[in-house]
Amino acid sequence: MTSPLNQSDPELFDLISREKRRQRRGLQMIASENYIAVAMLQCLGSCLTNKYSEGLPGQRYYGGNEFIDKIERLCQDRALKAFNLNSYEWGVNVQPYSGSPANLAVYTALLRPHDRIMGLDLPDGGHLSHGFMTSSKRISATSIFFESMPYKVDLKTELIDYDKLAESARLFKPKMIIAGISCYSRCLNYSRFHEIADENDAFLLSDMAHVSGLVAAGVIPSPFPFSDVVTTTTHKTLRGPRAGLIFYRRGFRKADKNGQPIMYDIEDKINAAVFPGLQGGPHNHQIAAVATALLQAKTPEFKRYAQQIVLNAKALSSALQRKGYRIVTNGTDVHMVVVDIRPTGLNGGKAEHILEQINIACNKNTLPGDRSALNPSGLRLGTPALTTRGMNETDMEVVADFIDRGIKLAVRVLKVSGTKMFEFKKVIFAKEFVPEVRSLKREVENFADRFPVPEFQDGI
Ligand SMILES: *Cc1c(COP(=O)(O)O)cnc(C)c1O
């Protein structure tokens, strides 16, 4: 019981060590990933994981929560401070285990089964938990329990078609509109979302999961002035541990037809939906790690970090454009770049695969208009993790060059393999390509090695 992991379970220790090495050696460009600080790893590995604390601070179902209460309250305070909110207008629940459960809790709190929701369609850059379904299947539980009608981007501009959304909302009469993205590189027009929600007496839920670090740093517009509820994950640009947060409004909502005030009454509903509605005991080690992430998010260093994330994404986008790649929406305002792979003759899956072979981790993604989620035409590249490692715009030129060389190599492989993925994967390992794959991978790794992950000194 007392021996450390490397002695008690060498098999698992070895796997974790290898994963750690993978994270260090390659270029981590998955837009939703990041490296957390050692202070957060310490919280996650702390005794707080031993404690049950169902309920809210001061109203627990278990004893022994003197310090847990203080930790959760600290986290709540810092969450409001991180986004410059005051406790008259906003409250926060810090217990959701992650982003999807946070969203489900909001729906559970504010909707009845089969009520109507509208979120950005998944192929257009939305998230599963915003009601995703296909014509033959309800995929996300949020489309099983609620009636979902997605809104979409305009195929020409590749931007959200707000006029269409307004028109559909007038017909569909949703109870809730969700403003949030997982693969969309432009800022959202929260004021327009608010207008459309208001016109239909719908709640506006802004899910800033991907961009909350940029919002905290003031690098992009904040959803708070326009939203009834704001959810976020804490592990993407916010650079904390995996978890979710729900911010809800308090006080005055709007005036009714007779000018009488309508007050918000969503606080208790949201808290009750998280627990006992959907969850049991809060993960206190995670809440502590979120608290310290939120403290860091208030520092000038974090602001500079967030600014650099965006500068890097813009630099990556223009470097790829100079090499002839088509960037969806022609650029980016945020931390990600979405590349249309079709002109190269490859698809997103093959591009992702070749880059993985040379130790660049990113993901294929559907583009607006894609017929099948299994054969997407886009590649999503993110800069948050590279920026944590200290890379700047000049380094993005090098990264763009690696990506370009990888893609060009894949195009030559494709000429030999034909379009079947199985053949493509095989031919990469043919004699004529192996040396090139290996040497490109070595170059990528040598480059990545120049940017240590300081967090990796301690811990496992
Ligand atoms: C990542 C993401 C989530 C869900 O986060 P998980 O922690 O993976 O459940 C929710 N909404 C959006 C918009 C996201 O991008």
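Ligands are counted one by one from 1 in listed order, and the atoms in each one are counted from 1 as well.
For the pair R116 and F172, the cation-pi criterion (under 6.0 Å, within 45° of the ring axis) is fulfilled. Cation-pi geometry between R239 and F302 is not met at under 6.0 angstrom from the ring centre and within 45 degrees of the axis.
The side chain of H235, and not its backbone, has at least one atom closer than 4.0 Å to an atom of ligand 1 (non-hydrogen atoms only; side chain from C-beta on).
Contacts of E89 classified as side chain to side chain donor-acceptor pair (under 3.5 Å), with partners at least two apart in sequence or in another chain: N86. When the side chain to side chain donor-acceptor pair (under 3.5 Å) test is applied to Y264, the partners found at least two apart in sequence or on another chain are D228.
For the pair E167 and K164, the salt-bridge criterion is not met [side-chain N within less than 4.0 Å of a carboxylate O]. We find that R192 and E195 are joined by a salt bridge, their nearest charged nitrogen and carboxylate oxygen being less than 4.0 Å apart.
For ligand 1, the atoms lying closer than 4.0 Å to a non-hydrogen atom of S100 are 4 (C), 5 (O), 6 (P), 9 (O). Atoms of ligand 1 lying under 4.0 Å from at least one heavy atom of D207, given by number and element, are 10 (C), 11 (N), 12 (C), 13 (C). Interface of H210 with ligand 1, defined as ligand atoms under 4.0 Å from a residue heavy atom, comprises 15 (O). Within ligand 1, counting atoms from 1 as listed, the ones closer than 4.0 Å to a heavy atom of A209 are 2 (C), 11 (N), 12 (C), 13 (C), 14 (C), 15 (O). Taking every heavy atom of I181 and a limit of under 4.0 angstrom, the matching atoms of ligand 1 come to 13 (C), 15 (O).
The protein heavy atom nearest to atom 14 (C) of ligand 1 is K236 NZ, 3.0 Å. Protein heavy atom nearest atom 3 (C) of ligand 1, with residue, atom name and distance: H127 NE2, 3.3 Å. Ranking the protein heavy atoms by distance from atom 5 (O) of ligand 1 puts T233 CG2, 3.2 Å first.
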Should R342 and D340 be marked as a salt bridge (charged side-chain N to carboxylate O under 4.0 Å, His left out) after you check the CA-CA gap, both sets of side-chain angles, and the distance that decides it?
CA-CA 6 Å; R342 285 169 295 194; D340 180 356; 3.0 Å; yes
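F224 has its ring centre less than 6.0 Å from the ring centre of F83.
Note: an N/O pair closer than 3.5 Å links S98 and ligand 1 by distance alone. By the 3.5 Å distance cut-off applied to N or O atoms, G99 is counted among the residues near ligand 1.
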